[in-house]
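Below is one structure; the comments refer to it alone.
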2 protein chains.
Amino acid sequence: MAVSRTEQKEKTRRAIIDSAISQLSVEKSFASLSLREVARQAGIAATSFYRHFKDMEELGLTLVDECGLALRQIMRKARKRFEKGGSVIRTSVKTFMEFTETNPNIFRLLFHERSGTTHALRTAVDREIQFFIVELTDYVQAVGYDHESAFAQAEAMVAVVFNAGAESLAAKPSQRRQVEKRAIQQLRYIAAGAKSLHLSGKKSRGKK
Amino acid sequence: MAVSRTEQKEKTRRAIIDSAISQLSVEKSFASLSLREVARQAGIAATSFYRHFKDMEELGLTLVDECGLALRQIMRKARKRFEKGGSVIRTSVKTFMEFTETNPNIFRLLFHERSGTTHALRTAVDREIQFFIVELTDYVQAVGYDHESAFAQAEAMVAVVFNAGAESLAAKPSQRRQVEKRAIQQLRYIAAGAKSLHLSGKKSRGKK
DNA sequence: TTATTCAGCGTACACTTGTACGCTAATTGA
DNA sequence: TCAATTAGCGTACAAGTGTACGCTGAATAA
């Protein structure tokens, strides 16, 4: 029955992470968490925290990594969904919104800490979002756009979707469908606009 | 030469506000400001702060109001600019980016506190942004769109522009022109997309 | 078996925080 | 002129913070 030391260590590490995530909320950002409170809720002494993380920042980085992983999984899920038919945009937005509503704390962490106060965390969040954008860029590029405009499309779409996610969390559940619907509409604008500008030829500006 | 009491009061009130704004930075959000530090830098005793604001939140609301005002002035400026000829989108984006670079702290306040931890502040920021969106909606609507799609366009555009603003502040100055250029491109996508979808008729969905 | 490692603990310290309270001095209004 | 008002101050306090330090007991390695 004896649990190995490494096993036990991993367990309390998780307890710390879970404690932190569970303490995140609308009125409590990661930046406002305290090491002591996180430790307390994880069921360990404050000083034991240091056996697992150098400081709160390191914990934050771990959380962001975890969020990034979750996001990537969600995207894979979306891909599987629309491969079975259905609108790409609609499916993606719906999947994303599902994610934000299932993991509000995780989404908020990404959204808020993107403009947060510690450099390391901001960089980490940015990396995750960039990953998200690049993935989408590849998809768009495969449809026949050059890299530059594909990236612009992808970035705009991500901005819109993240915005909708935040809006959705702030909105009353009864209005979420509408936010979602609008986001879909907005992404369609972007897609259609890129298509129309792409096809109508490069006016005067010198794109290669 | 004696300054009236109300005059003096207004002066230190401003000192407090300025102190707060000047303390905002990439690594210091409004939420992480302390009443004591703000007071100290304003040159008054900590407890004197209360002669002007009930608490930090009230100061925050004041700051947001001020930011909103600044934003509105900027928009008016933009309007004047493109009334003298020039692309609406290009001019607006350029003006906005100018604003973020001239008042980085103020912009960051809006951007970050939008997902901040105090309800009152979030609401206030949201109001300012909504104002921004509505103003743009009116403009778009005047060009011939129905309210719903005009709003969707405006919201998407604001999301993209705010995103670009934040990106620009994080980027090295040498790359800002590129961020700006991309934002312009993205707004054109949205405008063109709305136009194309608007003209090609409502497929099947039942919009009135 | 014996020696080593190390997760977890409790204490202690030096800060910083918000704010209650009462005082002072100068402007204001009568 | 005299009384009222009030911006600003300093002190004091309770509550919270991060973290240095040394100990303990159990799992591991020899």
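Residue numbering restarts at 1 for every chain, and letters A, B, ... go by the order of the sequence lines.
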- prompt: Which residues pass the side chain to side chain contact (heavy atoms under 4.5 Å, CB included) test with Ser48(A), sequence neighbours left out?
  reply: Ile44(A), Ala45(A)

- request: Establish, with yes or no, whether the OP1 or OP2 oxygen of dG8(D) is under 4.0 angstrom from a side-chain nitrogen or oxygen of Thr12(B).
  value: yes

query: Which of parallel (below 30°), tilted (30 to 60°) and perpendicular (above 60°) describes Phe82(B) and Tyr139(B)?
result: perpendicular

- prompt: Are His112(B) and Phe30(B) near enough that their ring centres are under 6.0 Å apart?
  reply: no

statement: In whole angstroms, the gap separating P of dA26(C) from NZ of Lys11(B) amounts to 17 Å

query: Has Ser48(A) got a side-chain N or O lying under 4.0 Å from the OP1 or OP2 atom of dA7(C)?
result: no

message: Counting only side-chain heavy atoms from C-beta out, which of dT5(C), dG8(D), dT5(D) sits nearest to Arg5(A)?
response: dT5(C)

task: Provide, to the nearest angstrom, the distance between the CD atom belonging to Glu57(B) and the P atom belonging to dT19(C).
output: 11 Å

field: Criterion salt bridge (charged side-chain N to carboxylate O under 4.0 Å, His left out) against Glu135(B), the qualifying member of Arg72(B), Arg76(B), Arg79(B)
entry: Arg79(B)

Table of protein N/O atoms under 3.5 Å from nucleotides 17-23 of chain D N/O atoms:
unit_1	atom_1	unit_2	atom_2	d
dT17(D)	OP1	Ser34(A)	OG	2.7
dG18(D)	OP1	Leu35(A)	N	2.9
dG18(D)	OP2	Leu35(A)	N	3.4
dG18(D)	OP2	Arg36(A)	N	3.2
dG18(D)	N7	Arg36(A)	NH1	2.4
dG18(D)	O6	Arg36(A)	NH1	2.9
dT19(D)	OP2	Tyr50(A)	OH	2.7
dT19(D)	O5'	Tyr50(A)	OH	3.2
dT19(D)	O4	Arg36(A)	NH1	3.1

message: Please verify the inter-ring angle class for Phe162(A) with Phe96(A); under 30° counts as parallel, over 60° as perpendicular, anything in between as tilted.
response: tilted

query: Side chains of Ser19(A) and Gln23(A): donor-acceptor distance under 3.5 Å anywhere?
result: yes

field: Distance, rounded to the nearest Å, where Glu10(A) contributes CD and dC6(C) contributes P
entry: 17 Å

query: On DNA chain D, nearest-nucleotide positions of His52(B) versus Thr6(A): which is more 5'?
result: His52(B)

Separation of dG8(C) P from Phe49(A) CZ (nearest whole Å): 13 Å

Distance below 4.0 Å between Gln8(A) side-chain N/O and dC6(C) OP1 or OP2: no

query: In whole Å, what is the span from the NZ atom of Lys9(B) to the P atom of dA26(C)?
result: 19 Å

- prompt: Roughly how many Å is it from CD1 in Ile44(A) to C1' in dG10(C), rounded to a whole number?
  reply: 14 Å

message: If you apply the rule salt bridge (Lys or Arg N to Asp or Glu O under 4.0 Å), what do you find for Glu66(A) with Arg14(A), and how did you get there?
response: CA-CA 12 Å; Glu66(A) 198 144 307; Arg14(A) 267 249 64 88; 2.9 Å; yes

